[in-house]
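Indexing begins at 1, ligand by ligand and atom by atom, following the structure's order.
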Amino acid sequence: MRQSLVIGNWKMNGTRASAQALAQGIIAGLGTSNAALAICVPYLHIPDISQVVSGTQLALGSQNIADKAAGAFTGEISASMLAEFGCQYALVGHSERRSYYGDTDATVAARFAQAQEQNIIPVLCVGETLEEREQDQTFQVINKQLDAVIDVAGVAAFSRAVVAYEPVWAIGTGKTASDEQAQEVHSHIRKYFADKDQAIADKLQILYGGSAKPDNAKGLFAMPDIDGGLIGGASLDAESFLKIYNSTKAV
Ligand code: 13P
């Protein structure tokens, strides 16, 4: 059985003080769940939050990671810098990075590889736009996003990675995929991996993201191929984030 995992993506929100208070609030409310829990915070908050989470069950991650190891890449943050501050996860290829900041399948694959070079677990985000869904392209779009990473990193690399299915039309819109819609895509993703390597597919954590909230998380997480969530807006409040975390399947 796969361990459940819930990751908060704070996006570009919070002050130094509010970020620390939110992390402390999450830690204070942690119960006895054996699911894993992480927060991906803005880069500037990583030093503070790494101290807050130190020695707790709450893991730390970044929202992006450079596609190169070091050098003249103004404005970038490398995998080794993130590792030095105890980041265990890095989001790669979030749709907001793909659509607003020019991330391509090739740069996403390079970021994925850089994360693994430093033993950071890449959380590869994939998902279709509304237009692509309406044109019945969902599976093709996701296959292409996965192929690009496998071509560079190989399928075995997914024994140390997480995949997050985030339908672009559900992100920040309040429109969640139904339990069945999400399960259909998660099952497709698992089969995609199973066709290449059954053991990798069986162990791979596939998270759902897109307007996941305390009132819909339980239904989504009950689906057989949904192993947890990547949570945006609802992760900015400790109580709702913990409710979502406590909705994961018991293993
Ligand atoms: P929301 O939960 O705000 O829809 O965001 C989802 C997301 O993009 C997480 O990475």
Side-chain angles (χ1 to χ4, degrees), residues 4-14 18-19 22-23 26 35-43 45-46 49 58-65 82 87-101 103 108 111-112 115 120-130 132-133 138 141-142 145 149 161-179 181-182 185-186 189 205-221 223 226-248:
S4 294
L5 169 64
V6 172
I7 302 179
N9 174 8
W10 289 2
K11 306 193 179 182
M12 193 173 72
N13 290 293
S18 74
L22 178 52
I26 295 166
L37 186 65
I39 45 176
C40 290
V41 311
Y43 283 138
H45 295 156
I46 286 175
I49 304 298
L58 181 60
L60 179 59
S62 63
Q63 298 172 13
N64 194 13
I65 189 164
L82 296 170
C87 283
Q88 290 170 254
Y89 295 92
L91 305 185
V92 299
H94 190 281
S95 67
E96 286 151 18
R97 301 299 317 173
R98 293 181 193 256
S99 59
Y100 306 146
Y101 299 101
D103 234 351
V108 170
R111 294 182 202 287
F112 181 103
I120 293 172
I121 297 172
V123 180
L124 173 63
C125 304
V126 298
E128 80 289 3
T129 62
L130 185 58
E132 289 162 342
R133 172 162 282 263
T138 300
V141 168
I142 287 169
Q145 291 169 333
V149 176
V162 172
V163 172
Y165 169 54
E166 296 211 308
V168 177
W169 49 271
I171 295 177
T173 58
K175 280 189 213 151
T176 323
S178 69
D179 302 344
Q181 271 175 327
V185 179
H186 280 236
I189 294 171
Q205 290 165 314
I206 308 176
L207 311 184
Y208 170 79
S211 298
K213 305 274 184 261
D215 60 358
N216 59 26
K218 209 170 185 93
L220 286 161
F221 297 168
M223 294 287 127
I226 302 184
D227 306 310
L230 179 54
I231 317 299
S235 74
L236 295 173
D237 176 79
E239 197 184 318
S240 42
F241 186 51
L242 287 165
K243 274 193 192 143
I244 293 171
Y245 173 60
N246 290 321
S247 303
T248 52

Practice problem: Using modelled atom types only, decide if a donor and an acceptor are shared between the side chain of Gln63 and the backbone of Cys40 within a distance under 3.5 Å. | Solution: yes
Quiz item: Any idea which protein heavy atom is nearest atom 3 (O) of ligand 1, and the distance to it?
Solution: Gly233 N, 2.8 Å
Exercise. Say whether Glu96, considering both its backbone and side-chain N or O atoms, lies within less than 3.5 Å of an N or O atom on ligand 1.
Key: no
Quiz item: What do you reckon, does Ser235 put a non-hydrogen atom under 4.0 Å from ligand 1?
Solution: no
Quiz prompt | atom 7 (C) of ligand 1 - nearest protein heavy atom and its distance | solution = Glu166 OE2, 3.1 Å
Self-check item: Residues that Ser18 engages under side-chain hydrogen bond (donor to acceptor under 3.5 Å, both in side chains), provided they are two or more places apart
Solution: Thr15
Practice problem: Determine yes or no for a side-chain-to-main-chain donor-acceptor pair under 3.5 angstrom, with Ser211 supplying the side chain and Ala170 the backbone. | Solution: yes
Quiz prompt | Distance-only N or O hit between ligand 1 and Lys213, under 3.5 Å | solution = no
Quiz item: For atom 5 (O) of ligand 1, which protein heavy atom lies nearest, and how many Å away is it?
Solution: Lys11 NZ, 3.2 Å
Quiz prompt | Shortest protein contact, atom 2 (O) of ligand 1 (heavy atom only) | solution = Gly232 N, 2.9 Å
Self-check item: Heavy-atom side-chain proximity of Tyr245 to Ile26 below 4.5 angstrom
Solution: no
Quiz item: Taking both backbone and side-chain atoms of Leu91, is any N or O found less than 3.5 Å from an N or O belonging to ligand 1?
Solution: no
Self-check item: Parallel, tilted or perpendicular: ring planes of Tyr165 versus His186, cut at 30 and 60 degrees
Solution: perpendicular
Practice problem: State if Ala234 counts as touching ligand 1 under the rule of any non-hydrogen atom under 4.0 Å. | Solution: no
Quiz item: Taking it one step at a time, do Arg111 and Asn64 satisfy side-chain contact (heavy atoms from CB on, under 4.5 Å)?
Solution: CA-CA 8 Å; Arg111 294 182 202 287; Asn64 194 13; 3.3 Å; yes
